[in-house]
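A quick write-up on the structure given underneath.
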Amino acid sequence: MLKIGLTGGIGSGKTTVAQVFEKLGVPVFYSDLEAKTCMQSDDVLIGQLKAIFGKGIYMDGVLQKSRLANIIFNDEKALKTINNLVHPAVQKSFEKWCANQDAYYVLKEAAIIFESGSEKGLDQVICVSAPDKIRMQRVMSRDAIKESQVLERMSQQWKQSRKIELAHFHIVNDEKQLLIPQVLEVHSLLLKQSVKIA
Ligand code: ATP
(Lines give C-alpha, C1' and ligand atoms only; values in the text may rest on other atoms or scores of the structure.)
Protein backbone atom coordinates (compact mmCIF):
# COMPACT_ATOMS: atom_id res chain seq x y z
CA MET A 1 0.00 0.00 0.00
CA LEU A 2 1.42 3.35 -1.03
CA LYS A 3 1.59 6.14 1.53
CA ILE A 4 1.04 9.49 -0.15
CA GLY A 5 1.45 12.90 1.47
CA LEU A 6 -1.01 15.69 0.70
CA THR A 7 0.34 19.09 1.61
CA GLY A 8 0.09 22.77 0.75
CA GLY A 9 0.19 26.12 2.47
CA ILE A 10 -2.53 27.46 4.72
CA GLY A 11 -5.75 28.06 2.78
CA SER A 12 -4.47 26.29 -0.35
CA GLY A 13 -7.34 23.82 -0.07
CA LYS A 14 -5.65 20.62 1.18
CA THR A 15 -8.69 19.56 3.18
CA THR A 16 -11.03 20.35 0.28
CA VAL A 17 -8.89 18.24 -2.07
CA ALA A 18 -8.60 15.46 0.55
CA GLN A 19 -12.38 15.30 0.74
CA VAL A 20 -12.56 14.72 -3.04
CA PHE A 21 -10.09 11.82 -2.69
CA GLU A 22 -12.23 10.44 0.15
CA LYS A 23 -15.26 10.48 -2.16
CA LEU A 24 -13.21 8.27 -4.50
CA GLY A 25 -12.77 5.80 -1.64
CA VAL A 26 -9.23 6.77 -0.65
CA PRO A 27 -8.62 6.62 3.12
CA VAL A 28 -7.33 9.97 4.43
CA PHE A 29 -5.42 10.57 7.66
CA TYR A 30 -5.85 14.19 8.81
CA SER A 31 -2.60 14.97 10.64
CA ASP A 32 -3.61 18.34 12.06
CA LEU A 33 -6.77 16.87 13.56
CA GLU A 34 -4.77 13.94 14.95
CA ALA A 35 -2.23 16.36 16.43
CA LYS A 36 -5.07 18.01 18.36
CA THR A 37 -6.31 14.60 19.54
CA CYS A 38 -2.81 13.57 20.66
CA MET A 39 -2.33 16.84 22.56
CA GLN A 40 -5.56 16.06 24.38
CA SER A 41 -5.15 12.35 25.01
CA ASP A 42 -1.51 11.17 24.74
CA ASP A 43 -0.29 11.11 28.35
CA VAL A 44 3.42 11.07 27.42
CA LEU A 45 3.01 14.07 25.13
CA ILE A 46 0.86 15.94 27.67
CA GLY A 47 3.58 15.39 30.31
CA GLN A 48 6.26 16.72 27.96
CA LEU A 49 4.22 19.80 27.04
CA LYS A 50 3.49 20.58 30.71
CA ALA A 51 7.16 20.15 31.61
CA ILE A 52 8.25 22.69 28.99
CA PHE A 53 5.41 25.19 28.88
CA GLY A 54 4.01 24.88 32.41
CA LYS A 55 1.11 22.97 33.95
CA GLY A 56 -1.16 25.94 33.19
CA ILE A 57 -1.48 25.03 29.54
CA TYR A 58 -3.94 22.33 30.70
CA MET A 59 -6.88 23.17 32.95
CA ASP A 60 -8.94 20.27 34.32
CA GLY A 61 -7.25 18.11 31.69
CA VAL A 62 -8.25 20.39 28.83
CA LEU A 63 -5.61 21.98 26.63
CA GLN A 64 -5.80 25.78 26.84
CA LYS A 65 -5.49 26.54 23.14
CA SER A 66 -5.43 30.31 23.52
CA ARG A 67 -2.58 30.06 26.08
CA LEU A 68 -0.64 27.85 23.73
CA ALA A 69 -1.35 30.19 20.80
CA ASN A 70 0.00 33.10 22.89
CA ILE A 71 3.16 31.16 23.67
CA ILE A 72 3.91 30.31 20.05
CA PHE A 73 2.83 33.66 18.64
CA ASN A 74 5.97 35.22 17.20
CA ASP A 75 8.15 32.60 18.92
CA GLU A 76 9.62 30.36 16.26
CA LYS A 77 11.64 28.36 18.80
CA ALA A 78 8.57 27.46 20.88
CA LEU A 79 6.67 26.45 17.75
CA LYS A 80 9.56 24.24 16.69
CA THR A 81 9.69 22.64 20.16
CA ILE A 82 5.97 21.84 20.02
CA ASN A 83 6.24 20.45 16.49
CA ASN A 84 9.18 18.27 17.53
CA LEU A 85 7.13 16.80 20.37
CA VAL A 86 3.81 16.43 18.55
CA HIS A 87 5.26 15.07 15.31
CA PRO A 88 6.45 11.68 16.69
CA ALA A 89 3.10 11.16 18.46
CA VAL A 90 1.18 11.83 15.23
CA GLN A 91 3.60 9.64 13.27
CA LYS A 92 2.94 6.75 15.67
CA SER A 93 -0.83 7.18 15.22
CA PHE A 94 -0.38 7.31 11.44
CA GLU A 95 1.53 4.00 11.38
CA LYS A 96 -1.14 2.37 13.58
CA TRP A 97 -3.89 3.77 11.33
CA CYS A 98 -2.11 2.54 8.16
CA ALA A 99 -1.95 -0.99 9.56
CA ASN A 100 -5.76 -1.01 9.68
CA GLN A 101 -6.35 0.24 6.12
CA ASP A 102 -7.15 -1.93 3.16
CA ALA A 103 -6.58 0.20 0.07
CA TYR A 104 -4.24 0.60 -2.88
CA TYR A 105 -2.99 3.82 -1.40
CA VAL A 106 -3.71 6.12 1.53
CA LEU A 107 -3.30 9.88 1.95
CA LYS A 108 -1.68 11.71 4.84
CA GLU A 109 -2.95 15.29 4.84
CA ALA A 110 -0.65 17.71 6.64
CA ALA A 111 0.23 21.40 6.42
CA ILE A 112 3.86 20.64 7.12
CA ILE A 113 5.35 17.59 5.44
CA PHE A 114 8.59 18.86 3.96
CA GLU A 115 9.16 21.26 6.87
CA SER A 116 9.08 18.33 9.33
CA GLY A 117 10.98 15.89 7.11
CA SER A 118 8.04 13.47 7.17
CA GLU A 119 8.23 12.98 3.38
CA LYS A 120 10.93 10.39 4.22
CA GLY A 121 8.26 7.99 5.48
CA LEU A 122 6.05 8.58 2.44
CA ASP A 123 6.23 7.19 -1.09
CA GLN A 124 5.21 10.39 -2.85
CA VAL A 125 3.77 13.80 -2.08
CA ILE A 126 0.98 15.84 -3.67
CA CYS A 127 1.14 19.62 -3.24
CA VAL A 128 -1.98 21.79 -3.47
CA SER A 129 -1.42 25.44 -4.28
CA ALA A 130 -3.41 28.63 -4.74
CA PRO A 131 -2.39 32.27 -5.20
CA ASP A 132 -1.45 33.94 -1.89
CA LYS A 133 -4.21 36.53 -2.25
CA ILE A 134 -6.90 33.84 -2.58
CA ARG A 135 -5.44 31.84 0.32
CA MET A 136 -5.50 34.98 2.44
CA GLN A 137 -9.16 35.69 1.64
CA ARG A 138 -10.19 32.08 2.23
CA VAL A 139 -8.57 31.87 5.67
CA MET A 140 -9.78 35.31 6.76
CA SER A 141 -13.37 34.38 5.99
CA ARG A 142 -13.13 30.77 7.22
CA ASP A 143 -11.50 31.61 10.58
CA ALA A 144 -12.80 35.19 10.96
CA ILE A 145 -9.29 36.52 11.55
CA LYS A 146 -7.28 39.56 10.41
CA GLU A 147 -4.87 39.73 7.48
CA SER A 148 -1.92 40.11 9.88
CA GLN A 149 -2.82 36.86 11.65
CA VAL A 150 -2.92 34.95 8.34
CA LEU A 151 0.41 36.51 7.32
CA GLU A 152 1.90 35.38 10.62
CA ARG A 153 0.78 31.77 10.00
CA MET A 154 1.99 31.93 6.38
CA SER A 155 5.41 33.09 7.53
CA GLN A 156 5.76 29.94 9.66
CA GLN A 157 5.48 27.72 6.57
CA TRP A 158 7.68 27.23 3.56
CA LYS A 159 6.93 29.15 0.37
CA GLN A 160 4.59 27.29 -2.02
CA SER A 161 7.20 27.26 -4.81
CA ARG A 162 9.61 25.27 -2.63
CA LYS A 163 6.96 22.64 -1.85
CA ILE A 164 5.80 22.41 -5.47
CA GLU A 165 9.37 21.77 -6.57
CA LEU A 166 9.78 18.88 -4.12
CA ALA A 167 6.35 17.33 -4.68
CA HIS A 168 5.63 14.56 -7.20
CA PHE A 169 2.18 15.93 -8.10
CA HIS A 170 0.84 19.46 -8.15
CA ILE A 171 -2.85 20.35 -7.91
CA VAL A 172 -3.76 23.97 -8.61
CA ASN A 173 -6.76 25.17 -6.60
CA ASP A 174 -7.01 28.71 -7.91
CA GLU A 175 -10.76 28.67 -8.61
CA LYS A 176 -9.97 28.94 -12.32
CA GLN A 177 -8.66 25.49 -13.17
CA LEU A 178 -11.16 22.72 -12.51
CA LEU A 179 -10.26 20.80 -9.38
CA ILE A 180 -11.97 17.43 -9.88
CA PRO A 181 -10.28 16.54 -13.22
CA GLN A 182 -6.90 17.24 -11.59
CA VAL A 183 -7.74 14.98 -8.65
CA LEU A 184 -8.99 12.26 -11.01
CA GLU A 185 -5.75 12.38 -12.98
CA VAL A 186 -3.56 12.03 -9.87
CA HIS A 187 -5.86 9.28 -8.55
CA SER A 188 -5.57 7.33 -11.78
CA LEU A 189 -1.75 7.64 -11.83
CA LEU A 190 -1.51 6.51 -8.21
CA LEU A 191 -3.81 3.54 -8.81
CA LYS A 192 -1.65 2.46 -11.76
CA GLN A 193 1.49 2.73 -9.63
CA SER A 194 0.00 0.80 -6.72
CA VAL A 195 -1.34 -1.95 -9.01
CA LYS A 196 2.15 -2.34 -10.50
CA ILE A 197 3.66 -2.68 -7.02
CA ALA A 198 0.95 -5.16 -5.93
P1 ATP B 1 -5.49 24.97 6.44
O2 ATP B 1 -4.06 24.72 6.18
O3 ATP B 1 -5.74 26.28 7.07
O4 ATP B 1 -6.17 23.85 7.18
P5 ATP B 1 -6.42 24.03 3.87
O6 ATP B 1 -5.27 24.08 2.94
O7 ATP B 1 -6.80 22.68 4.41
O8 ATP B 1 -6.23 25.09 5.02
P9 ATP B 1 -9.19 24.29 3.16
O10 ATP B 1 -9.65 24.27 4.57
O11 ATP B 1 -9.48 23.11 2.30
O12 ATP B 1 -7.64 24.65 3.09
O13 ATP B 1 -9.75 25.57 2.40
C14 ATP B 1 -9.73 26.85 3.02
C15 ATP B 1 -11.09 27.53 2.79
O16 ATP B 1 -11.22 27.80 1.40
C17 ATP B 1 -12.27 26.64 3.18
O18 ATP B 1 -13.27 27.45 3.74
C19 ATP B 1 -12.74 26.04 1.86
O20 ATP B 1 -14.10 25.75 1.85
C21 ATP B 1 -12.37 27.16 0.85
N22 ATP B 1 -12.00 26.64 -0.47
C23 ATP B 1 -11.02 25.76 -0.75
N24 ATP B 1 -10.95 25.51 -2.06
C25 ATP B 1 -11.93 26.24 -2.63
C26 ATP B 1 -12.37 26.42 -3.99
N27 ATP B 1 -11.80 25.79 -5.01
N28 ATP B 1 -13.41 27.26 -4.20
C29 ATP B 1 -13.99 27.91 -3.17
N30 ATP B 1 -13.62 27.80 -1.87
C31 ATP B 1 -12.60 26.98 -1.62
Side-chain angles (χ1 to χ4, degrees), residues 3-40 63 65-66 68-70 72-74 76 79-80 82-83 86-87 89-91 93-94 97 105-119 122 124-187:
K3 293 175 188 169
I4 309 295
L6 177 65
T7 194
I10 180 170
S12 58
K14 295 177 292 299
T15 309
T16 306
V17 169
Q19 285 164 351
V20 181
F21 277 99
E22 269 191 311
K23 290 261 181 255
L24 297 170
V26 180
V28 180
F29 179 87
Y30 291 92
S31 303
D32 296 345
L33 264 181
E34 186 59 27
K36 284 180 191 139
T37 305
C38 288
M39 288 168 94
Q40 198 50 72
L63 178 66
K65 288 181 202 143
S66 57
L68 196 65
N70 283 339
I72 56 177
F73 184 69
N74 273 332
E76 230 173 272
L79 179 65
K80 221 174 181 174
I82 291 176
N83 282 340
V86 175
H87 180 69
V90 174
Q91 190 54 29
S93 302
F94 176 60
W97 177 85
Y105 74 94
V106 295
L107 285 184
K108 183 186 191 201
E109 191 249 35
I112 52 167
I113 283 186
F114 296 117
E115 288 93 329
S116 63
S118 45
E119 81 278 10
L122 298 165
Q124 296 187 339
V125 178
I126 304 165
C127 179
V128 181
S129 78
D132 288 354
K133 215 172 147 188
I134 293 182
R135 293 166 57 207
M136 176 74 73
Q137 280 161 355
R138 283 177 184 163
V139 179
M140 281 167 64
S141 67
R142 185 194 60 190
D143 299 347
I145 55 174
K146 288 185 284 189
E147 189 176 317
S148 58
Q149 290 169 290
V150 187
L151 279 173
E152 170 62 27
R153 292 195 205 167
M154 278 182 170
S155 73
Q156 290 164 346
Q157 301 177 343
W158 283 9
K159 276 209 161 80
Q160 295 194 103
S161 54
R162 195 168 169 195
K163 295 183 188 188
I164 294 166
E165 215 172 283
L166 291 167
H168 304 79
F169 302 100
H170 179 202
I171 292 178
V172 181
N173 183 25
D174 61 358
E175 295 170 35
K176 285 190 190 121
Q177 300 184 52
L178 292 174
L179 200 53
I180 292 173
Q182 296 183 73
V183 173
L184 288 175
E185 194 188 337
V186 174
H187 179 60

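Numbering of ligands and ligand atoms starts at 1, following listing order.
In this structure, the protein non-hydrogen atom closest to atom 27 (N) of ligand 1 is N173 OD1, 2.7 Å. Of the protein's non-hydrogen atoms, R138 CB, 3.8 Å is the one closest to atom 15 (C) of ligand 1. Scanning all protein heavy atoms for the shortest distance to atom 20 (O) of ligand 1 gives T16 OG1, 4.3 Å.
Nearest-residue assignment for atom 1 (P) of ligand 1 (options E175, R142, Q19, R153; heavy-atom criterion): R142.
Close contacts between ligand 1 and I10 involve ligand atoms 2 (O), 3 (O) [criterion: under 4.0 Å to a heavy atom]. The contact set between ligand 1 and G13, taken as ligand atoms under 4.0 Å from a residue heavy atom, comprises 5 (P), 6 (O), 9 (P), 11 (O), 12 (O), 13 (O). Close contacts between ligand 1 and G9 involve ligand atoms 6 (O) [criterion: under 4.0 Å to a heavy atom].
Residue contact check for ligand 1: S12 places a non-hydrogen atom closer than 4.0 Å to it. Taking 4.0 Å as the cut-off, G11 counts as a neighbour of ligand 1 on heavy-atom distance. Within the structure, ligand 1 lacks V139 among the residues with a heavy atom less than 4.0 angstrom away.
At least one N/O-N/O distance between T15 and ligand 1 falls below 3.5 Å.
The aromatic rings of F21 and Y105 stand perpendicular to each other, their planes meeting at an angle above 60°, with 30° marking the opposite boundary.
With E115 as the fixed residue, the side chain to side chain donor-acceptor pair (under 3.5 Å) test singles out one of K163, Q156, Q157: K163.
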Under 3.5 Å, which donor-acceptor pairs link side chains of residues 174-182 to any protein atom two or more places apart or in another chain?
| unit_1 | atom_1 | unit_2 | atom_2 | d |
| --- | --- | --- | --- | --- |
| D174 | OD1 | K176 | N | 2.9 |
| D174 | OD1 | Q177 | N | 2.9 |
| E175 | OE2 | R138 | NE | 3.0 |
| E175 | OE2 | R138 | NH2 | 2.8 |
| Q182 | OE1 | V172 | N | 2.8 |
| Q182 | NE2 | V172 | O | 2.8 |
| Q182 | NE2 | L178 | O | 3.0 |

CA sep, side-chain torsions, deciding dist, call: D32, K14, salt bridge (charged side-chain N to carboxylate O under 4.0 Å, His left out): CA-CA 11 Å; D32 296 345; K14 295 177 292 299; 5.8 Å; no
